[in-house]
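Notes follow once the structure below has been shown.
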Amino acid sequence: MIKAVTGTKDILPSDIPKWKHLESVVQTIFKNFNYSEIRTPIFEETVLFARGIGEETDIVGKEMYTFLDKGQTSITLKPEMTASVVRAFIEHSLASKQPLYKLYYISPMFRQERPQAGRLRQFHQFGVEAIGSESPILDAEIIQIAYDILRRLGLKDLLVKINSLGIPESRENYKKELRHFLNDKKNKLSEDSQKRFDTNILRVFDSKIETDQELLKGAPILLDYLDEESKIYFNIVRNILREADIPFEIDTKLVRGLDYYAKTTFEIISGKVGSQNALCGGGRYDLLAEQLEGKPTPGVGFAAGIERILLACENEKTLSLPEEKLDFYIVTVGENLIEKVYNAASILRRRNFSVEFDYLDRSAKAQMREANKLNARFVIFFGGDEYSNGYFSLKNMQTGEQKQFPLEDLKTIVIE
RNA sequence: GUGAGCGUAGCUCAGUUGGUUAGAGCACCAGGUUGUGGCCCUGGGGGUCGUGGGUUCAAAUCCCAUCGCUCACCCCA
């Protein structure tokens, strides 16, 4: 049997209602905050991600779906959206059309990792990118958007974590201090952490190994090394969040894995999913546009994992979706009236009613069972008797009441 | 890339120390009402027990390999 590729999932008809519900909540809130949708291609030239996300990151280093096309160009299925959006922003000179763009997207992403709970190779994200302003209000705003969406989906077991990485200069100072602090303990660190000591020392904090965390006790704290401007900036973000009633926790170890972040970073985690507990994450990336050879343009954004959010919703049992209803089910039996039934259905369908009937030549009882399963509000009986006498029977499935009407009434009938 | 666990009907699972035609519930189809649902009853279809090899008189059951899935590490949405 040919199966879906490892780490990919079919979204079956029975899954669709919850996806539609999530999408509708997401779109409502983006509209409330006046964000406009952007759609970019599913693949890009590999260099975009290599330069935008950073050569040293795991995503670029070992997780991308990369291949050569027939023109020998290296192509990569997008592993995230920020680089693509900024690329489109630069390519179409959007900055010259209006100074600030508030954009959102919903799109599949691809990363070649080992699948586990909450982690797929093709997964879906929604997210925003606000490009063109360095106001801390936007940092707070996007955190609120993410938080509000999750709350509106009914999630409660949430933790908002925020941090500030400062500007590159202050971060460099801090790294120097941290390196100094860890230097004589270096050979006691785990192998991974020793590697990080050299490549990206901040990420030593991410280690889950106890001995590493022991060694980190008493380490200098990033927030203490922020430059004055970044400190004030971070204070404003926190104040706005407090006024918006968004509970948060400062996590000085929250260093996101993508190279382009500066100043604010944040993450919202759920206690109801597996170990992949980040439902969304993001931050400010004021230097990214330059890295992609655009004019210096500040930006801030987040991405949220749809499959993880739906998993959290299922585990918190937050989704009570309205049942799909069908307006009419037409039951026929005996005489071969299928074409007449089809015509009757057409009349109603063109009047915008949802209508179904039996294509499988099943018994009247089976048809009624089907009507019931489909939550039909009304059943139309249309058999030999009715047809030869020019009428149909209409049964209200809720009350069980049944009446007869002339066939002509199909063109005018109104329900409820 | 590393580690652990699990593969029996479409789905969730049972299958005793290896023993003869492999079961249940749900779902599906039909009948119980010669044209009428939800409950109930009866019957039916559907499985080379993941695959390949081995041990044995005999393997779903024991051994090996392989593939797949799941979870965790890593990393992240």
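G5(B) sits 22 Å from A9(B) when the P atoms are compared, rounded to a whole Å. Using C1' as the reference atom, G10(B) and G1(B) are 35 Å apart when rounded to the nearest Å. Taking atom P in both G19(B) and A58(B), one finds a spacing of 14 Å when rounded to whole Å. Comparing the P positions of G50(B) and G45(B) gives an interatomic distance of 23 Å, to the nearest angstrom. When the P atom is compared between A60(B) and G18(B), the two are found 13 Å apart, to the nearest whole Å. Taking the P atoms as reference points, C63(B) lies 29 Å from A24(B), given to the whole Å. Atom P of U12(B) sits at a distance of 37 Å from the matching atom of U56(B), rounded to the whole Å. The gap from the P atom of U61(B) to that of C49(B) amounts to 9 Å, rounded to the nearest Å.
Between the side chains of Gln116(A) and Ser275(A), at least one donor-acceptor pair of N or O atoms lies under 3.5 Å. For the residue pair Glu134(A) / Tyr233(A), no side-chain donor-acceptor distance below 3.5 Å is found, with atom types taken as modelled. In this model, a donor atom of one side chain and an acceptor atom of the other lie less than 3.5 Å apart for Tyr35(A) and Glu141(A). Ser393(A) and Glu386(A) share a donor-acceptor pair across their side chains, judged by distance under 3.5 Å alone.
Rounded to whole Å, atom C1' of G1(B) lies 11 Å from atom CD of Glu63(A). Taking atom CD on Glu80(A) and atom P on C76(B), their separation rounds to 12 Å, with Å as the unit. Atom NZ of Lys3(A) is separated from atom P of G10(B) by 13 Å (rounded to the nearest Å). The separation between Met64(A) atom CE and C76(B) atom P is 14 Å, rounded to whole Å. Between Ile2(A) atom CD1 and C67(B) atom P there is a gap of 19 Å when expressed in whole angstrom units. Between the CD atom of Gln116(A) and the C1' atom of C74(B) there is a distance of 9 Å, given to the nearest Å. Separating the CG atom of Asn396(A) from the P atom of U36(B) is a distance of 19 Å, rounded to the nearest angstrom. Across the protein-nucleic acid pair, Arg369(A) atom CZ and C39(B) atom P stand 9 Å apart, rounded to whole Å.
For Arg114(A) against C71(B), a side-chain-to-base donor-acceptor contact under 3.5 Å is absent. Below the 3.5 angstrom threshold, one finds no donor paired with an acceptor across the side chain of Gln367(A) and the base of U36(B). Scanning atom types as modelled, one donor and one acceptor separated by under 3.5 angstrom connect the side chain of Glu386(A) and the base of G35(B).
Arg119(A) comes within contact range of at least one nucleobase, with a heavy-atom separation under 4.0 Å. Ala366(A) comes within contact range of the sugar-phosphate backbone alone, with a heavy-atom separation under 4.0 Å but no base atom that close. Among the protein residues, Lys9(A) comes within range of the sugar-phosphate backbone only, with heavy atoms under 4.0 Å from sugar or phosphate atoms but none that close to a base. Nucleic acid contact for Phe381(A): base, since at least one base atom lies under 4.0 Å from a heavy atom of the residue. Heavy atoms of Ile306(A) sit nowhere under 4.0 angstrom from any nucleic acid atom. At the heavy-atom level, Ser393(A) lies nowhere under 4.0 Å from the strands shown. As judged by a 4.0 angstrom heavy-atom cut-off over every strand, Gly127(A) is placed among residues making no nucleic acid contact. Using a 4.0 Å heavy-atom cutoff across all strands shown, Ala371(A) reaches no nucleic acid atom at all.
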Donor-acceptor pairs under 3.5 Å, side chain of residues 10-19 of chain A to any protein atom, not counting sequence neighbours: which ones?
unit_1: Asp15(A); atom_1: OD2; unit_2: Leu12(A); atom_2: N; d: 2.9
unit_1: Lys18(A); atom_1: NZ; unit_2: Glu314(A); atom_2: OE2; d: 2.6

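Searching all strands for a Watson-Crick or G-U wobble partner of A60(B) with both distances below 3.5 Å returns nothing. Using Watson-Crick or G-U wobble geometry with both donor-acceptor distances under 3.5 Å, A24(B) finds its partner in U12(B). Using N1 to N3 plus N6-O4 or O6-N4 for Watson-Crick, or N1-O2 and O6-N3 for G-U wobble, each under 3.5 Å, C69(B) pairs with G5(B). Under the Watson-Crick and G-U wobble criteria, each requiring two contacts below 3.5 Å, nucleotide U33(B) is left unpaired. Using the Watson-Crick or G-U wobble rule with both distances under 3.5 Å, G46(B) pairs with nothing in any strand shown. When both distances must be under 3.5 Å, the Watson-Crick or G-U wobble mate of C76(B) does not exist.
For Gln276(A), the side-chain atoms get nearest to C74(B) when compared with the rest of C74(B), G35(B), G37(B). The side chain of Ala364(A) sits closest to G35(B) out of A30(B), G35(B), C69(B). Checking G37(B), C76(B), A72(B) against the side-chain heavy atoms of Ser275(A) singles out A72(B) as nearest. With C28(B), C76(B), U33(B) as the choices, the nucleotide that has an atom nearest any side-chain atom of Ala278(A) turns out to be C76(B). The side chain of Lys62(A) approaches C74(B) more closely than any other nucleotide in the set C74(B), A72(B), U33(B). Residue Lys395(A) has its side chain nearest to G37(B) when only A30(B), G37(B), G35(B) are considered.
For the pair Ala117(A) and Phe382(A), nearest-nucleotide mapping onto RNA chain B gives the more 5' position to Phe382(A). Mapping Gly7(A) and Arg111(A) onto RNA chain B by nearest heavy atom places Gly7(A) closer to the 5' end of the strand.
Taking the six-membered ring for Trp and the full ring otherwise, Tyr261(A) and Tyr285(A) have centroids separated by 6.0 Å or more.
Here Ser363(A) does not reach the OP1 or OP2 of G35(B): none of its side-chain N or O atoms lies under 4.0 Å away. At least one side-chain nitrogen or oxygen of Lys373(A) sits closer than 4.0 Å to the OP1 or OP2 atom of C28(B).
A search for side chain to side chain donor-acceptor pair (under 3.5 Å) contacts involving Glu370(A) returns nothing, not counting sequence neighbours.
Minimum heavy-atom separation, Ile38(A) to Met81(A): O-CE, 4.4 Å.
Using the six-membered ring where Trp is involved, Phe30(A) and Phe302(A) have ring planes that are tilted, between 30° and 60° apart.
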